[in-house]
Amino acid sequence: MRTSQLQITTTKESPADAEVISHQLMLRAGMIRRLAAGLYTWMPLGLRVLRKIENIIREEMNNAGAAELLMPAVQPSELWEESGRWGQFGPELLRFTDRHQRDYCMGPTHEEVITDIARRDLRSYKQLPVNYYQIQTKFRDEVRPRFGVMRSREFIMKDAYSFHASDESLQQTFDDMHQAYTNVFSRMHLQFRPVEADSGAIGGSGSKEFHVLADSGEDAIAYSTEGDYAANLEKAEAICNDVRADATQEMTIVDTPDTKTIQALVDNFNLPIEKTIKTLICHASEESDADLVALLVRGDHQLNEVKATNHPMVKTPLEFATDAEIRAAVGAGPGSLGPVNLAMPVIADRTVAVMSDFGAGANIEDKHYFGINWDRDVESPVVADLRNIEAGDPSPDGKGQLQIMRGIEVGHIFQLGTKYSEAMKATVLDENGKDRLMSMGCYGIGVTRVAAAAIEQNHDEKGIIWPMPIAPFQVAIVPINMKKSDSLRAAADTLYQELKQAGIDVLLDDRDSRAGVMFADMELIGIPLRVVLSDKGLDKGIVEFKGRTDSESTDVARDEIVSLINAKISG
RNA sequence: CGGGGCAUAGCGCAGCCUGGUAGCGCACCUGCUUUGGGAGCAGGGGGUCGCAGGUUCGAAUCCUGCUGCCCCGACCA
């Protein structure tokens with residue numbers, strides 16, 4: 001393609017509302033244009049990237065035995081009523097009514113539609129397993145769309161759904177998808193990590209997220225320095241190998257005016273922070289006898305709200321008690337709370353359970369107990385993993401320590417089990433001629449988000465640095481001063497045709513701009529390879545070659561440039 | 001949904017406090033010169049100053065309401 005056809009419009013400055021680097025660069029490079037909040041047009045340059053990402057995904061899905069189909073973006077409410085999600089899904093589900101006053105939604109995901117397909121088309125266990133996928137536009141009415149296409153409302157997703165007669169079969173396909181995703185992101189030359197994830201409201205037993213590693217990522221990932229363990233911070237298990245030490249102090253009650261925070265307690269009373277406890281009061285679950293329940297974590301630790309929510313004694317979703325509720329139940333407010341003489345169930349983090357001689361609020365305003373010991377001063381609590389792991393914690397697999405890095409979630413694979421097949425009665429006949437619910441898995445990749453994540457991971461002060469497999473063009477031809485030289489124009493055209501013949505995605509900059517402008521634009525839009533043509537060089541039979549990340553260009557014989565580019569592209 | 005901010009040319013901004021009919025840089029058009037890292041000079045086009053009321057002889061500027069957008073938080077199959 002020629003720049004004159006592509007109409008590239010680049011800018012030096014980025015719009016003031018573009019916060020993250022990928023958003024800025026995509027706008028500056030003319031890849032995307034914003035239409036409204038969370039809605040973007042993919043311009044020709046950007047669409048080329050999307051298509052390359054899609055093709056890689058499509059190839060790997062096909063290789064893994066999945067079959068592509070295409071479902072409607074608009075879905076009738078009836079299916080969502082059946083699954084129960086018409087009521088459960090919040091305002092994120094965009095609902096509307098047609099001329100006959102029937103309710104519809106823009107599909108944020110397609111479990112209902114695919115389960116409807118499966119229950120109609122699949123009759124026998126002999127047809128299983130089946131894995132359907134599509135690459136299609138989704139809509140989620142995000143509360144706060146942001147970061148450009150990283151968190152937009154309309155976006156393109158590859159979503160796959162598998163159906164099985166047995167859990168073993170589901171596990172097999174889950175593993176196959178794990179491998180396919182690994183292949184996909186490896187082929188895109190992205191640094192990524194599959195991590196254990198909380199399966200959230202969607203339920204199911206197994207769940208793994210694929211994260212592209214980038215400092216700007218919204219998620220924190222814990223990984224083992226020695227082993228393979230990696231998990232989303234919200235899921236990463238905090239283990240405690242310590243043993244509770246014997247009590248050496250008597251419990252004393254201490255006046256602690258103006259001491260409402262852990263930091264104040266540490267500063268004012270010279271208490272090590274590892275000897276303090278945070279007491280957080282939240283609402284108890286329906287099954288629980290109590291209204292409220294207390295969660296204890298060590299003073300220097302952070303409560304993990306996902307872990308807390310998942311605890312059977314805690315209300316889902318997690319809901320902290322208000323000041324008034326706490327005062328009514330305890331008689332003291334936040335800042336003076338602790339486990340001693342607390343009239344509600346107590347769940348303690350594993351680390352808290354092995355503490356001794358520690359300090360905590362006395363449940364009396366402006367008083368704390370110091371020298372508290374479990375069993376002697378207060379009944380031993382229910383113990384659970386409640387906290388976020390911290391860098392340096394032991395890895396749950398026993399290999400090395402955990403460290404934390406940032407990631408962008410670009411893929412998620414789930415084992416759903418029978419959640420949807422049960423609600424929607426998706427059954428096949430088994431070997432005995434009996435109805436059997438199909439097990440399901442679902443597997444997503446955020447196609448548009450991958451493009452943004454690739455930029456977050458690969459850019460410099462000049463612009464985007466596309467990994468070769470997803471670059472909009474593999475090589476740019478930049479002729480210098482073509483306007484005055486018909487021979488240079490002819491030479492540029494010839495090389496352009498040769499590269500096209502060789503099956504290479506080539507962009508010829510035929511704009512007749514000044515050299516600096518063309519260089520800057522090709523670097524901004526991130527084309528991996530560049531060939532500069534000039535009369536001066538061609539007279540000597542030479543062209544200049546430069547990779548996007550090379551510091552200097554090198555002279556290459558004109559006769560050898562095509563094979564050199566071929567070699568660079570193939571790796 | 002709670003808190004904060006912004007809205008003036010395609011983009012980035014000034015002007016507003018102290019009312020007098022809109023300006024700068026980039027981009028765009030024309031001409032000349034220039035031509036290997038975002039050229040120079042000269043000329044030019046483009047804005048109902050987010051919308052609707054109000055105050056005033058006069059409103060981008062002051063007042064009221066609305067809308068949109070952004071940031072932080074909550075939320076995120």
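No hydrogens, no waters, no symmetry mates; every other heavy atom, side chains included, goes into these values. All chains are named by letter (A, B, ...) in the order of the sequence lines, taking the proteins before the strands, and each is independently numbered beginning at 1.
Comparing the same atom, C1', in B:G38 and in B:G25 gives a spacing of 14 Å after rounding to whole Å. Comparing the P positions of B:G54 and B:C70 gives a spacing of 32 Å, expressed to the nearest Å. Using atom C1' as the reference point in both B:A14 and B:G23, the two lie 7 Å apart (nearest Å). Distance check on atom C1': B:G15 versus B:U21 gives 14 Å, rounded to whole Å. Distance noted for atom P between B:A22 and B:U61: 14 Å (whole Å). Rounded to the nearest Å, the gap between the P atom of B:A52 and that of B:A59 is 14 Å. Atom C1' of B:G31 sits at a distance of 44 Å from the matching atom of B:C17, rounded to the whole Å. Here, B:A74 and B:C6 have their C1' atoms 22 Å apart, quoted to the whole Å.
Looking at A:K419 and A:E111, no side-chain N of the basic residue comes within less than 4.0 Å of a carboxylate O on the acidic one, giving no salt bridge. Checked for salt-bridge contact, A:D215 and A:R406 miss the test: no charged N lies under 4.0 Å from a carboxylate O. Ion pair A:R548/A:E523 not flagged as a salt bridge, since none of the NZ, NE, NH1 or NH2 atoms sits closer than 4.0 Å to an Asp/Glu carboxylate oxygen. Ion pairing between A:D555 and A:K540 fails under the 4.0 Å rule for side-chain N and carboxylate O. Using a cut-off of 4.0 Å between Lys/Arg side-chain N and Asp/Glu carboxylate O, A:K235 and A:E209 are scored as not salt-bridged. Looking at A:D512 and A:K483, no side-chain N of the basic residue comes within less than 4.0 Å of a carboxylate O on the acidic one, giving no salt bridge.
In this structure, the NE2 atom of A:H23 is 9 Å from the P atom of B:C71, given to the nearest Å. Rounded to whole angstrom, the span from the CD atom of A:E305 across to the C1' atom of B:G73 amounts to 12 Å. Here the P atom of nucleotide B:C71 and the CE atom of A:M150 are 12 Å apart, to the nearest Å. The nearest whole Å value for the distance from the CZ atom in A:F147 to the C1' atom in B:C70 is 12 Å. In this structure, A:I32 atom CD1 and B:G10 atom C1' are separated by 16 Å, rounded to whole Å. Spacing between atom CG of A:L488 and atom P of B:G36 amounts to 13 Å, rounded to whole angstrom units. Residue A:E544 contributes atom CD, which lies 12 Å from atom P of B:G36 at whole-angstrom precision. Spacing between atom CZ of A:R511 and atom P of B:G37 amounts to 16 Å, rounded to whole angstrom units.
Base-pair partner of B:G25: B:C11 (Watson-Crick or G-U wobble, both distances under 3.5 Å). Pairing for B:G73 is with B:C1, a Watson-Crick or G-U wobble pair whose two hydrogen-bonding atom distances lie under 3.5 Å. B:C66 and B:G50 make up a base pair, with Watson-Crick or G-U wobble contacts both under 3.5 Å. Pair assignment for B:G31 gives B:C41, based on Watson-Crick or G-U wobble hydrogen-bonding distances that are each under 3.5 Å. A 3.5 Å limit on both hydrogen-bonding distances identifies B:C57 as the Watson-Crick or G-U partner of B:G20.
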B/S/- contact track for nucleotides 25-33 of chain B, protein heavy atom under 4.0 Å: B--------

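The side chain of A:A520 sits closest to B:G38 out of B:G38, B:G36, B:G73. Nearest to the side chain of A:D521, among B:G36, B:G37, B:G38, sits B:G38. Comparing B:C11, B:A39, B:G36 against the side chain of A:P15 picks out B:C11 as the nearest. Side-chain proximity of A:E19 to B:U35, B:C71, B:G36: nearest is B:C71. Listed nucleotides B:G36, B:G38, B:C70 differ in distance to A:A37; the shortest reach to its side chain belongs to B:C70. Of the candidate nucleotides B:G36, B:C70, B:G38, B:C70 has the atom nearest to the side chain of A:D17.
At the heavy-atom level, A:P108 lies nowhere under 4.0 Å from the strands shown. Counting any heavy atom pair closer than 4.0 Å across all strands shown, A:R530 reaches a base atom. The residue A:R28 sits close to a base: some heavy atom pair falls under 4.0 Å. Within 4.0 Å (heavy atoms only), A:N481 reaches at least one base atom of the nucleic acid. Backbone-only contact: A:S14 has heavy atoms under 4.0 Å from sugar-phosphate atoms and none from a base.
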Audit row: A:H178, A:F210, ring-ring contact (aromatic ring centres under 6.0 Å, His included) steps and yes/no: CA-CA 9 Å; A:H178 193 288; A:F210 284 74; 5.2 Å; yes

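For the pair A:A16 and A:R151, nearest-nucleotide mapping onto RNA chain B gives the more 5' position to A:A16. With the nearest nucleotide of RNA chain B identified for both A:S553 and A:L318, A:S553 has the one nearer the 5' end.
Atom CD1 of A:I465 sits about 6.5 Å away from atom OG1 of A:T549, to the nearest 0.5 Å. Interatomic distance, A:S169 OG to A:F163 CZ, rounded to the nearest 0.5 Å: 12.0 Å.
Phosphate proximity of B:C72 to A:R146: present, with a side-chain N or O under 4.0 Å from OP1 or OP2. Note on A:R514: a side-chain N or O is less than 4.0 Å away from OP1 or OP2 of B:A39.
With a 4.5 Å cut-off on side-chain heavy atoms, A:I561 and A:V531 count as touching.
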